[in-house]
Trainee: 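Got a structure for you, written out below as structure tokens; questions coming shortly.
Source: prediction; values computed, not measured. Here is how names work: the chains are called A, B, and so on, in the same order as the sequence lines, proteins then strands, and each is numbered from 1.
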Protein chains: 2
Amino acid sequence: MTSQVVQAEETVHTPGRKRDASRDDALRQAALEVLAEVGYDRLTIDAVAARAGAGKATCYRRWAGKAELVVDAVGRMKAAPVQPNTGTLRGDLVELTCHFNDVDDTFRTDVQAGLVSGLVHDAKLRAAFAELFIAPRKAVYRAVFDRAIERGEIAPVPNYELLSDIVPSMVFHRLILTGRPPDPAFILTILDQIILPLTKPCAQSEAAPNPHTGHTQTRTTSS
Amino acid sequence: MTSQVVQAEETVHTPGRKRDASRDDALRQAALEVLAEVGYDRLTIDAVAARAGAGKATCYRRWAGKAELVVDAVGRMKAAPVQPNTGTLRGDLVELTCHFNDVDDTFRTDVQAGLVSGLVHDAKLRAAFAELFIAPRKAVYRAVFDRAIERGEIAPVPNYELLSDIVPSMVFHRLILTGRPPDPAFILTILDQIILPLTKPCAQSEAAPNPHTGHTQTRTTSS
DNA sequence: TCGTATCGAAACTAACCCGTTTCGCAAAAG
DNA sequence: CTTTTGCGAAACGGGTTAGTTTCGATACGA
């Protein structure tokens, strides 16, 4: 799993000019920009190389093709880590949710939207996306909920995974279907009318018998 | 707004062979099938015409291009109307939600997924999609909630629009990001752990003052 | 019967993109 | 200096697509 780009392991004699590391970054950055502007399907290597002021050969010397380049570029586009600690669950959630939904980072939003056209077809891209955007989010959400539980602010939440998927899902849905980017008002509405009410003990699922499948719903199979 | 395809208004003398109306349907159906299989971006007029057993000229005589054909085809793909009346809110919601999320209509699901790659770029397509998939859903959800309120089963729900967007958003999110199609277990989990708990009076939003924007959240600006 | 418009099929132009290759130059190592 | 590799730029061959046009056959009206 730690396998990186194939690099000559042995430090054999390496004659010739060294690779310019700045070209890697320029190409990755250009890839992200083109991705944000035209989307994955319409992204071309020519466009990326041209924007980076590089030749296509330079690009193909580093990545096998479009998919590898984009996955690498997106994979390194790490967001600034967050560990909100406002003292209240709501405060933490507001900070967290606005952060993870890129309310003030339109570039990340555009990259995300641009990736969509590729996600449907490319399982590799889907995996990279999930690992980059979904996994870290889930971990931080869990920490925030756990802290609120420790404080005694809320009762234990068995389905924090489900809860932490609500906002991203609805923001994503709105972005794709209406073109409207994430905005704080929308996010706060979801937090105050959905997420926070669900943390109150009286709203906890009463594990009602399921007349459709015949068994009781207990665990969630969220993404 | 009622303007249809440009058709000779005057019933002038029309010599020559009449257009075969069956070709329209064949092309629209073929377009939907190709759309479901390869997605909007990779859909080509050649493929559609070939599948319909028609010539490209026949297609271009009817629609100006890919966008017009797909919008028309999708726009006519009406789902069977539903008016669930099981006597309980949960029963109605289960029927409704499974129906609108195409749990047993994989073709509609595939069309929906295929459209995604085009939605990001094409506002026209986005509008058609919203009108076809979102608007009818919203209306039926409203009716179901209203009926439950009349029965006295739940207290008035001010935010049924928001509630009716939760399941589709999460199903959509999961479909795009993990490739997993809608399944009843996932939908029932959302219903029982999110939607239904939120209809209980104690879970209603207490209209908390909003420290972020400074005003109170009252209305939702959902899609 | 004659003119016209449709049909499916195929050819065609023009554009685009991918991945490779070539070219002239720059840099690093021997 | 020579060799080897990286660099930007450009060109190339092969493939795909859009949209148009042509062709022979067919259907409809006058």
Trainee: Can A/K66 be said to sit on top of A/Y40's aromatic six-ring, NZ or CZ under 6.0 Å from centre and within 45° of the ring axis?
Mentor: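 Satisfied, under 6.0 Å and within 45°.
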
Trainee: In whole angstrom, what separates A/D24's CG from D/dC7's C1'?
Mentor: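 Nearest whole value for this atom pair: 13 Å.
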
Trainee: Using OP1 and OP2 only, check whether a side-chain N or O of A/T58 sits under 4.0 Å from D/dG6.
Mentor: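 A/T58 to D/dG6 OP1/OP2: no side-chain N or O under 4.0 Å.
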
Trainee: Cut-off 3.5 Å, side chains only: do B/D46 and B/T44 have a donor facing an acceptor?
Mentor: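 Absent: no donor and acceptor within the cut-off.
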
Trainee: Below 4.0 angstrom, which residues in residues 39-54 of chain A have at least one non-hydrogen atom near DNA chain C?
Mentor: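 Only A/L43, A/T44, A/I45, A/D46 qualify.
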
Trainee: Quickly work out the A/R23 CZ to D/dT5 C1' distance and round it to whole Å.
Mentor: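 A/R23 atom CZ is separated from D/dT5 atom C1' by 17 Å.
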
Trainee: Whole-Å distance between D/dG29 P and B/R19 CZ?
Mentor: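 Going from B/R19 (CZ) to D/dG29 (P), I get 16 Å.
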
Trainee: I need the CG-C1' distance between A/L69 and C/dC17, as an integer number of Å.
Mentor: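 So the CG-C1' distance, A/L69 to C/dC17, works out to 15 Å.
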
Trainee: With a 3.5 Å distance limit and no angle check, can you tell me whether B/T199 reaches the backbone of B/L196 through a side-chain donor-acceptor pair?
Mentor: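 Between the backbone of B/L196 and the side chain of B/T199 there is a qualifying donor-acceptor contact (under 3.5 Å).
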
Trainee: Please determine whether the number of non-hydrogen atoms from other residues, nucleotides or ligands lying under 6.0 Å from atom CD of B/E37 exceeds 12.
Mentor: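 For B/E37, atom CD is crowded (more than 12 foreign heavy atoms under 6.0 Å).
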
Trainee: Output the distance between atom CG (B/N101) and atom CG (B/L96), rounded to the nearest 0.5 Å.
Mentor: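 Reported to 0.5 Å precision, the distance equals 9.0 Å.
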
Trainee: For the pair made of NZ in B/K66 and C1' in D/dA18, what is the distance, rounded to whole Å?
Mentor: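 In whole Å, D/dA18 C1' lies 10 Å from B/K66 NZ.
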
Trainee: Does NZ or CZ of B/R180 lie under 6.0 Å from the centre of the six-membered ring of B/F186, at an angle within 45° of the ring axis?
Mentor: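 B/R180 over B/F186 ring: no.
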
Trainee: Can you tell me which nucleotide in D/dT4, D/dA9, C/dC7 comes closest to the side chain of A/A57?
Mentor: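 Side chain of A/A57 sits closest to D/dA9.
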
Trainee: If we ignore hydrogens and angles and just use 3.5 Å, is the side chain of A/S164 paired with the main-chain N or O of A/E161 as donor and acceptor?
Mentor: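 Checked: pair present.
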
Trainee: Collect all protein-nucleotide pairs involving nucleotides 24-27 of chain C in which both atoms are nitrogen or oxygen and the distance is under 3.5 Å.
Mentor:
| unit_1 | atom_1 | unit_2 | atom_2 | d |
| --- | --- | --- | --- | --- |
| C/dA26 | N3 | A/R17 | NH1 | 3.3 |

Trainee: Send over the distance from B/R61 CZ to C/dT4 P, rounded to a whole Å.
Mentor: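 Those two atoms, CZ and P, are 16 Å apart.
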
Trainee: State which residues pass side chain to side chain donor-acceptor pair (under 3.5 Å) with A/D122; sequence neighbours excluded, sorted by chain then number.
Mentor: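 A/D122: no side chain to side chain donor-acceptor pair (under 3.5 Å) contacts found.
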
Trainee: Hey, is the main chain of B/D104 close enough, under 3.5 Å, to the side chain of B/H99 for a donor-acceptor pair?
Mentor: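 Here the side-chain-to-backbone pair does not exist.
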
Trainee: Using only modelled atom types and a 3.5 angstrom limit, is any donor from either the side chain of A/K56 or the base of D/dG8 paired with an acceptor on the other?
Mentor: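 Result: no qualifying N/O pair found.
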
Trainee: From OH of A/Y60 over to P of D/dG6, roughly how many Å is that when rounded to an integer?
Mentor: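 The distance from OH of A/Y60 to P of D/dG6 comes to 18 Å, rounded to the nearest Å.
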
